[in-house]
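Below is one structure, written out as structure tokens; the observations come after it.
Just so you know, these numbers come straight off a predicted model, no measurement behind them. Per chain, numbering begins at 1; letters A, B, ... match sequence-line order.
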There are 2 protein chains.
Amino acid sequence: MDSPGDNPSARPTGDRLSAAQERFVATWGQMGSTWGISRTMAEVHALLYITGEPMCTDDVMERLAISRGNASMSIRSLVDWGIVTRTHKRGDRKEYFQAEQDVWSLLQAIVRERMKRELQPVLASLYEIRDLTASPERSGEVQPEVKTAAHHARIDGMIDLVRTLEQMGEKLVELPKEQLQALAQQIAEPLG
Amino acid sequence: MDSPGDNPSARPTGDRLSAAQERFVATWGQMGSTWGISRTMAEVHALLYITGEPMCTDDVMERLAISRGNASMSIRSLVDWGIVTRTHKRGDRKEYFQAEQDVWSLLQAIVRERMKRELQPVLASLYEIRDLTASPERSGEVQPEVKTAAHHARIDGMIDLVRTLEQMGEKLVELPKEQLQALAQQIAEPLG
DNA sequence: CTGAGATTTCAGAAATTTCTGAAACATCCA
DNA sequence: TGGATGTTTCAGAAATTTCTGAAATCTCAG
């Protein structure tokens with residue numbers, strides 16, 4: 001019996017360690033959902049992170065009480081994000097999954113992906129929007145030129161902002177993680 | 001006629017400036033929704049930002065084709081976030097709303113609020129979770145001590161991460177905005 | 001006070017997101 | 001090759017979020 005992964009971390013055992021894990025999973029899931037990540041996906045990540053050891057799909061299903069489909073999709077997303085990796089156990093055909101344990105690597109992966117998915121497309125759109133009112137076609141134009149100029153200034157402001165964020169993110173991602181923590185401290189500490 | 005705010009920016013006029021505004025609103029709304037902000041709230045903000053001038057609730061309703069209730073709630077949220085301010089027109093009992101036009105102030109306000117709402121509570125929970133397995137109660141404990149130690153190390157890692165993010169955010173928020181852009185550049189540019 | 005205009009609130013409706021479960025698919029071994 | 005085990009997919013169901021519209025509340029001028 002005890003089929004899934006024969007993994008002692010797979011089931012909550014009612015002790016205080018398990019209670020703490022459960023609370024962590026809930027907290028992380030809650031946070032994820034306020035940042036636009038599906039609650040379950042964040043919970044799966046939290047579970048893999050906090051148990052520390054590889055778990056198979058059935059372990060995750062059982063522990064979080066979710067369906068196979070949901071577990072499969074969530075895990076695949078986490079793998080796509082690069083914060084969970086597939087592993088195997090010898091003599092076991094099942095796939096096991098393991099969360100990145102270094103929080104700085106985690107941060108880098110998250111920043112990398114969110115930039116790619118959510119910042120770069122916005123920047124591209126902003127450039128397109130600016131081109132929409134580029135400059136020619138000034139015959140019978142309805143809006144006075146000053147309005148267009150002010151509009152351009154606003155778009156440029158946003159472009160500045162997004163581009164700066166992107167550059168900061170890039171820096172964060174490129175930096176080897178030993179230096180990352182140092183940079184973080186440097187930014188966080190000196191006043192200005 | 002032309003009741004609402006007698007505001008020429010209130011209605012799309014079919015020219016290319018309006019087209020560009022519309023695209024901007026859509027882009028911003030899309031981005032907001034992927035970052036856990038309601039699409040409409042982000043759209044209202046985008047509209048107020050890109051038109052630059054104060055608009056009343058009816059203007060917003062008409063321009064975005066949304067209900068009074070929705071407009072009212074969205075605007076109030078933006079005011080609560082501190083990125084939209086109430087203004088008045090003399091001889092007009094209606095309230096008008098205006099978006100912060102400086103993108104660095106905008107960034108500061110957003111960071112300030114997200115930290116308060118989404119980061120600080122998480123940090124508080126993480127501390128609580130750590131205390132859950134503090135150390136006494138070592139009689140008939142189910143889990144071996146090494147497991148608890150490893151668990152603590154993981155929680156501490158997350159606390160480190162979240163605390164660093166919080167400190168970085170605080171710095172960003174405290175910094176006068178002239179220095180902010182400079183800091184952003186400094187982080188973005190030098191390699192390391 | 002009174003009432004016209006402006007704003008807020010919130011119960012239910014609509015839209016969107018997320019989840020389930022079973023079928024299709026893949027892989028490995030005998 | 002057949003079938004046992006494991007994984008993915010996806011149409012519909014369920015849950016959650018967001019929106020509407022009308023009633024309640026507020027505000028101010030007369």
**Study point:** Donor-acceptor pair, side chain of B:Thr34 and main chain of B:Met31, under 3.5 angstrom
**Key:**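 Judged by distance alone, yes, a pair lies under 3.5 Å.
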
Check your understanding: To the nearest Å, how far apart are A:Lys89 NZ and D:dT5 C1'?
Key ->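 Whole-Å distance recorded here is 17 Å.
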
Practice item. Let me know the distance between CD of A:Glu43 and C1' of D:dA15, rounded to the nearest Å. Key: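 Value for this atom pair: 14 Å.
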
Check your understanding: Has A:Ser38 got a side-chain N or O lying under 4.0 Å from the OP1 or OP2 atom of C:dT18?
Key ->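 So the side-chain polar atoms of A:Ser38 never come under 4.0 Å of the phosphate oxygens OP1 or OP2 of C:dT18.
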
Point to revise | Per B:Met73 side chain, nearest of listed nucleotides C:dT9, C:dT27, C:dT18 | key: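 Looking only at heavy atoms from C-beta outward on B:Met73, the closest nucleotide is C:dT9.
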
Check your understanding: From D:dT8, C:dT9, C:dA6, pick the nucleotide closest to the side chain of B:Ser72?
Key ->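 Taking heavy atoms from C-beta onward, the closest nucleotide is C:dT9.
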
Check your understanding: When all nucleic acid strands are considered with a 4.0 Å heavy-atom cut-off, which category describes A:Arg76: base, sugar-phosphate, or nothing?
Key ->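 A:Arg76: backbone/sugar contact only, no base atoms under 4.0 Å.
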
**Study point:** Any N/O donor-acceptor pair, A:Arg93 side-chain to D:dG6 base, under 3.5 Å
**Key:**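 Side chain to base: no pair present.
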
Exercise for review: Could you check which residues of residues 64-71 of chain A get a heavy atom under 4.0 Å from DNA chain D? Sort them by number, please.
Suggested key: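 Residues of residues 64-71 of chain A under 4.0 Å from DNA chain D: A:Arg68, A:Gly69.
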
Exercise for review: Return the orientation label for the B:Trp35 and A:Trp35 ring planes: parallel under 30°, perpendicular over 60°, tilted otherwise.
Suggested key: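 Because their plane-to-plane angle is over 60°, the rings of B:Trp35 and A:Trp35 count as perpendicular.
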
Check your understanding: So among A:Leu161, A:Ile159, A:Leu165, which one has a side-chain contact (heavy atoms from CB on, under 4.5 Å) with A:Arg163?
Key ->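 Answer to the side-chain contact (heavy atoms from CB on, under 4.5 Å) test with A:Arg163 among A:Leu161, A:Ile159, A:Leu165: A:Ile159.
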
Check your understanding: If we ignore angles and hydrogens, is there a donor and acceptor under 3.5 Å between the side chains of A:Ser18 and A:Asp15?
Key ->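 Present: a donor and an acceptor within the cut-off.
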
Check your understanding: If two hydrophobic side chains count as joined below 4.5 Å and joins carry through other members, does B:Met41 share a cluster with B:Val103?
Key ->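 Same cluster: B:Met41 reaches B:Val103 through Ile, Leu, Val, Met, Phe, Trp or Tyr contacts under 4.5 Å.
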
